[in-house]
Amino acid sequence: LAGAASFDPVAAVFLRRCHERCRRRIPEPELMPHFTATIHVRPKGDVRDPQGEAVRGALRSLGLAVSEVRTGKEIVVTLEAADEAAAREAVRVMGNELLANPVIEDYAYELEEGVPA
Amino acid sequence: MTRVAILRYPGTWSERDFQHALSLVPSVESDILWHEDARLDGYDAAVVPGGFTYGDYVRAGAIAKISPATRELRRFADAGKLVLGSCNGFQILCEAGLLPGALLRNSGLEFRCDWVHMRVESDRTPWTAGLRGAVLRMPIAHGEGCWTASDEMLADVESNGQVIFRYTDERGGATPAANPNGSLASVAGVCNEGRNVVGLMPHPERCSEALLGGTDGYRVLANLAPAMAGTAPAVYR
């Protein structure tokens with residue numbers, strides 16, 4: 001293909017994109033242990049949770065004495081890290097930078113060594 | 001010529017509407033830039049349009065904020081250049097911390113696609129110069145437009161005059177019935193402390209010519225020309 005790329009502009013573009021993709025990819029870690037983080041994201045205590053309110057209404061209509069429902073989400077991440085401290089640091093970056101918005105949400109997580117069963 | 005960069009992310013859908021609406025404003029030209037290689041040098045203003053970037057996964061606007069365009073936007077905003085975010089663009093700017101607050105699911109859990117009224121609360125932004133007190137009619141189309149903030153943040157935003165648009169009825173009354181999504185204090189749009197970054201849930205680009213049922217969006221976008229020509233009162237500084 002590299003030979004073809006020297007005279008075929010389509011192959012040249014294809015090859016250049018492949019190179020770009022490879023360059024962007026994070027290198028595979030070598031023999032680092034795997035960790036599984038289970039991250040729970042929940043609306044902060046004083047933030048309205050309209051989904052929780054709708055679920056509360058539905059559960060009460062089943063005849064259950066439900067007084068409050070808060071909804072959130074659970075995100076399970078498998079990652080490689082040098083050790084537990086490094087894995088915890090990575091999970092904190094995930095929580096602070098993307099998975100939770102500190103204006104409206106809190107998060108908590110559990111970390112286990114190994115991959116999910 | 002005033003040059004405007006319109007950012008396009010995967011899932012942006014209002015960039016061409018914005019380009020068309022901006023083409024109606026005299027001495028303004030715009031380019032649509034792909035977010036991964038957006039370079040804002042040489043532009044006077046940037047627009048972050050509406051859409052459903054990255055499928056609204058995680059939270060609306062959350063994944064888009066990881067884009068390299070966010071760093072570029074922050075640099076651009078810090079340099080005092082003009083930024084406008086509408087709908088998903090507003091959500092992205094809040095997620096990125098360029099605007100205060102966050103946008104939650106609409107309180108009725110309903111996607112609202114409707115025309116609303118909002119009152120211009122402050123003319124101390126380049127986008128709203130001369131519009132203070134005006135009641136504008138604009139379309140909305142969103143499921144996560146319920147603006148919220150902590151009590152302290154709301155108090156700061158209100159006392160700094162950073163609430164720029166508030167949902168009202170057609171006479172300018174901020175009643176609960178006129179609030180389409182349960183936004184705290186009926187907030188429809190806010191600005192940053194520097195007052196050069198403005199975000200709002202409604203769509204000015206969809207009401208910029210009479211054929212589309214309204215021209216109030218044009219009144220906001222048309223402020224670009226005087227803001228750039230230096231003929232607008234520089235009250236937002």
Side-chain angles (χ1 to χ4, degrees), chain A residues 13 16-26 37-61 66 68-79 90-109, chain B residues 34 36-37 53-54 56-68 70-71 90-112 142-157 176 179-185 187 190 199:
Chain A
V13 167
R16 203 185 66 227
R17 291 205 176 137
C18 290
H19 286 317
E20 279 169 8
R21 283 200 190 124
C22 288
R23 216 174 44 230
R24 277 188 212 160
R25 192 170 293 156
I26 295 162
T38 306
I39 301 152
H40 310 272
V41 181
R42 251 189 278 172
K44 275 187 195 287
D46 54 348
V47 170
R48 260 196 75 190
D49 176 18
Q51 188 174 242
E53 289 165 25
V55 172
R56 172 182 174 273
L59 293 177
R60 288 180 72 87
S61 75
V66 173
E68 201 187 353
V69 175
R70 303 290 283 173
T71 61
K73 55 194 145 189
E74 181 182 280
I75 300 145
V76 181
V77 176
T78 308
L79 69 155
V91 173
R92 277 195 289 272
V93 171
M94 293 174 199
N96 296 334
E97 296 296 319
L98 178 66
L99 300 178
N101 177 339
V103 178
I104 47 174
E105 293 168 327
D106 289 322
Y107 74 93
Y109 68 92
Chain B
W34 179 242
E36 279 188 321
D37 35 49
T53 51
Y54 298 93
D56 275 356
Y57 293 159
V58 184
R59 288 174 311 278
I63 297 185
K65 88 159 170 183
I66 305 292
S67 157
T70 299
R71 205 182 318 119
F90 182 25
Q91 295 164 334
I92 293 170
L93 293 174
C94 286
E95 279 287 336
L98 285 162
L99 287 174
L103 292 139
L104 295 168
R105 287 285 282 281
N106 294 349
S107 59
L109 291 177
E110 223 183 15
F111 187 95
R112 294 296 308 271
H142 60 248
E144 274 108 6
C146 176
W147 185 84
T148 195
S150 65
D151 293 346
E152 309 85 75
M153 189 184 276
L154 176 66
D156 281 351
V157 164
N179 182 346
N181 51 32
S183 277
L184 188 63
V187 168
V190 295

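Computed from a predicted structure; not experimentally measured.
In terms of modelled atom types and a separation under 3.5 Å, the side chain of Arg59(B) and the main chain of Leu98(A) share a donor-acceptor contact. Panel note: side chain Lys73(A), backbone Val58(B); a donor-acceptor pair is recorded below 3.5 Å.
Across Gly101(B) and Val103(A), no two heavy atoms sit closer than the pair C-CG1, 4.1 Å. Contact detail for Lys65(B) and Asn96(A): the closest heavy-atom pair is NZ-O, 4.4 Å. When all heavy atoms are compared, the tightest approach of Pro50(A) to Ser107(B) is CB-O, 3.5 Å. In this structure, Gln51(A) and Leu109(B) approach most closely via the heavy-atom pair N-CD2, 3.8 Å.
For the atom pair OG (Ser150(B)) and NZ (Lys44(A)), the distance works out to 8.5 Å, reported to the nearest 0.5 Å. With values rounded to the nearest 0.5 angstrom, Arg105(B) atom CZ is found 8.5 Å from Thr71(A) atom OG1.
Within 6.0 Å of CZ in Arg92(A) there are more than 12 heavy atoms belonging to other residues, nucleotides or ligands.
Interface remark: of the candidates Asp49(A), Ile75(A), Ile104(A), Val41(A), Ile104(A) forms the most heavy-atom pairs closer than 4.5 Å to chain B.
With a 4.5 Å cut-off on non-hydrogen atoms, Asp151(B) does not touch chain A at all. Using a 4.5 Å cut-off between heavy atoms, Asp46(A) makes no contact with chain B at all. Using a 4.5 Å cut-off between heavy atoms, Val47(A) contacts chain B through its side chain alone, with no backbone atom that close. Neither the backbone nor the side chain of Leu184(B) comes within contact range of chain A, judged by heavy atoms closer than 4.5 Å. Interface remark: Glu105(A) contributes side-chain atoms only to the contact with chain B (heavy atom separation under 4.5 Å).
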